[in-house]
Amino acid sequence: MDGSSIDQSTTSEPISITPSPAKKLRRVGSGASVVIDAAAESGVEAESRKLPSSRFKGVVPQPNARWGAQIYEKHKRVWLGTFNDEEMAARTYDTAAHRFRGRDAVTNFNPLSEHHHDEIAFLNSHSKDEIVDMLRKHTYDEELEQSRCQSTRGPRSQGSEHLFEKEVTPSDVGKLNRLVIPKHHAERHFPLKGGSISIGVLLHLEDSGGKVWRFRYSYWNSSQSYVLTKGWSHFVKEKKLQAGDIISFRRSTGPDRQLYIDWHVMNSGPNDPIAPGRAQPAILRLFGVNVLEVSRNGGGDESFGFQNTDKKQRIIDSL
DNA sequence: CCATGTGTTGAT
DNA sequence: TCAACACATGGG
């Protein structure tokens, strides 16, 4: 049921985007748009209050002569920020689409190809919320560039790819001492072979602090679900996991295929979609950055300053 | 203030 | 899912 396979003709030109700036429109102040071409003014009853549509997917006009980018997921809009350049907004949408919908998402410009394997890795190693945050703050290109520099720096850091994430439920962090792994994610990333289904296997997951966690992973016939059982409650306790928090799984791209588990607090929820001005800079950095370095910093990092205090405390506790 | 981003609705 | 449109609102 992969809905997005509207591959046009060839791989070279998926969508014909011919910038046709024939119209010279300038939008003014409070939502009005005005034709500045003097010749066109006469005779035309200027319906100038209407905003010009964008020729790009995921791009909407803003009253202040700028452009907004947005993408939809699960019937809800995810705002990707505002931009001066219409094309920049379009590229922003493309990036989000690639992260949300994969390699062959329908985009405004060229699809991600083998030439961009490093960008694909970068996208997959960050959560959707992280990517959205970069896009809204216009720091995506910068962070992508930084990740490229880091990866080529010595044999130190092994790359890893994002597998999937889950917003934990109350029962996941409750007394049942188990985590349900959504079936499609489980079968895609953690397949259980034949006899292992009933008895289960032992998974070793490393967290961002380098600590290795051992979980029993098995299939429960009674509930027809894949679960982490033994060991899971210890993780919940140490990380002070709460319902609504996000756990994400990654796997080393190296030969070791090391598994990683990380967590962060909910960014977008049913009620509060995305905190506008104050995203979660400090929290979001838990993934890509050396967390120990932050704690050694003597708390000098002021980016923690404006976060909800109990959430902050939980993060500090986990370091 | 006013740019931003949300509420909302109607199309595809 | 998507964009059009109105406008609340909160950050400067």
Side-chain angles (χ1 to χ4, degrees), chain A residues 1-8 14-23 25-35 44-109 111-112 123 127-140 184 244 266-284 302-308:
Chain A
M1 265 64 104
D2 288 334
S4 54
S5 46
I6 314 180
D7 239 280
Q8 300 293 70
I15 299 178
S16 67
I17 298 298
T18 307
S20 54
K23 311 168 187 174
L25 286 181
R26 162 174 287 181
R27 286 165 312 288
V28 172
S30 54
S33 61
V34 169
V35 182
V44 180
E45 80 282 343
E47 276 306 324
S48 48
R49 300 209 70 87
K50 275 186 175 303
L51 266 41
S53 297
S54 174
R55 60 188 191 281
F56 295 116
K57 181 177 175 62
V59 177
V60 293
Q62 289 294 95
N64 45 326
R66 303 178 80 232
W67 300 92
Q70 61 187 22
I71 191 172
Y72 283 80
E73 186 193 44
K74 192 57 176 63
H75 294 289
K76 291 194 299 183
R77 168 177 49 205
V78 177
W79 189 252
L80 304 174
T82 53
F83 306 84
N84 290 316
D85 292 343
E86 188 180 2
E87 292 196 4
M88 190 56 194
R91 281 194 296 272
T92 294
Y93 172 85
D94 287 1
T95 301
H98 281 134
R99 176 61 185 84
F100 279 64
R101 298 166 186 173
R103 225 176 311 273
D104 33 75
V106 177
T107 54
N108 294 293
F109 302 103
L112 243 36
L123 282 170
S127 70
K128 292 174 185 173
D129 285 341
E130 289 176 294
I131 297 297
V132 167
D133 201 67
M134 295 177 202
L135 294 173
R136 288 174 63 142
K137 293 189 303 188
H138 303 184
T139 60
Y140 175 79
H184 60 287
M266 174 171 55
N267 189 4
S268 61
N271 297 326
D272 184 359
I274 288 182
R278 44 185 151 69
Q280 273 122 27
I283 297 170
L284 295 177
E302 294 303 322
S303 54
F304 276 95
F306 52 91
Q307 261 306 316
N308 183 312

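Within every chain, numbering begins at 1; the chains are lettered A, B, ... in the order of the sequence lines, protein sequences first and strands thereafter.
Among the heavy atoms of the strands, none lies under 4.0 Å from A/Gly68. Contact annotation for A/Ser54: no contact, since no heavy-atom pair falls under 4.0 Å across all strands.
Distance CH2 (A/Trp79) to P (B/dT4): 9 Å, rounded to an integer number of Å. Between A/Tyr72 atom OH and B/dT6 atom C1' there is a gap of 10 Å when expressed in whole angstrom units. Put simply, CG on A/Asn84 is 11 Å from C1' on B/dA3, counting in whole angstrom units. When rounded to the nearest whole Å, the span between CZ of A/Arg66 and P of B/dC2 equals 16 Å. The separation between A/His138 atom NE2 and B/dG5 atom P is 8 Å, rounded to whole Å. Atom CD1 of A/Ile71 is separated from atom C1' of B/dG5 by 17 Å (rounded to the nearest Å). Rounded to a whole Å, the NZ atom of A/Lys76 is 15 Å from the C1' atom of B/dT8. Taking atom OH on A/Tyr93 and atom C1' on C/dA3, their separation rounds to 11 Å, with Å as the unit.
Closest to the side chain of A/Val60, from the set B/dA3, B/dT8, C/dA3, is C/dA3. In the set C/dA4, B/dA3, C/dA3, C/dA3 carries the atom at the smallest distance from any side-chain atom of A/Lys57. The A/Gln70 side chain lies nearest to C/dA3 when the options are B/dT4, C/dA3, B/dG7.
Residues passing the side chain to side chain donor-acceptor pair (under 3.5 Å) test with A/Asn84 are A/Arg66, sequence neighbours excluded. Listed by chain and number, the residues in a side chain to side chain contact (heavy atoms under 4.5 Å, CB included) with A/Thr139 are A/Met134, A/Lys137, A/Glu142, A/Glu143 (sequence neighbours excluded).
Between A/Phe109 and A/Phe56, a ring centre-to-centre spacing shorter than 6.0 Å is recorded.
The residues A/Glu73 and A/Arg101 are annotated as not salt-bridged, no charged nitrogen and carboxylate oxygen being separated by less than 4.0 angstrom.
Looking only at atom types and distance, the side chain of A/Gln62 has no donor-acceptor partner in the side chain of A/Thr82 under 3.5 Å away.
Within 3.5 Å, no donor on the side chain of A/Arg136 pairs with an acceptor on the base of B/dG5, nor the reverse. Put simply, the side chain of A/Gln62 and the base of B/dG5 share a donor and an acceptor less than 3.5 Å apart.
OP1 or OP2 of B/dT4 lies within a sub-4.0 Å distance of a side-chain N or O belonging to A/Thr82.
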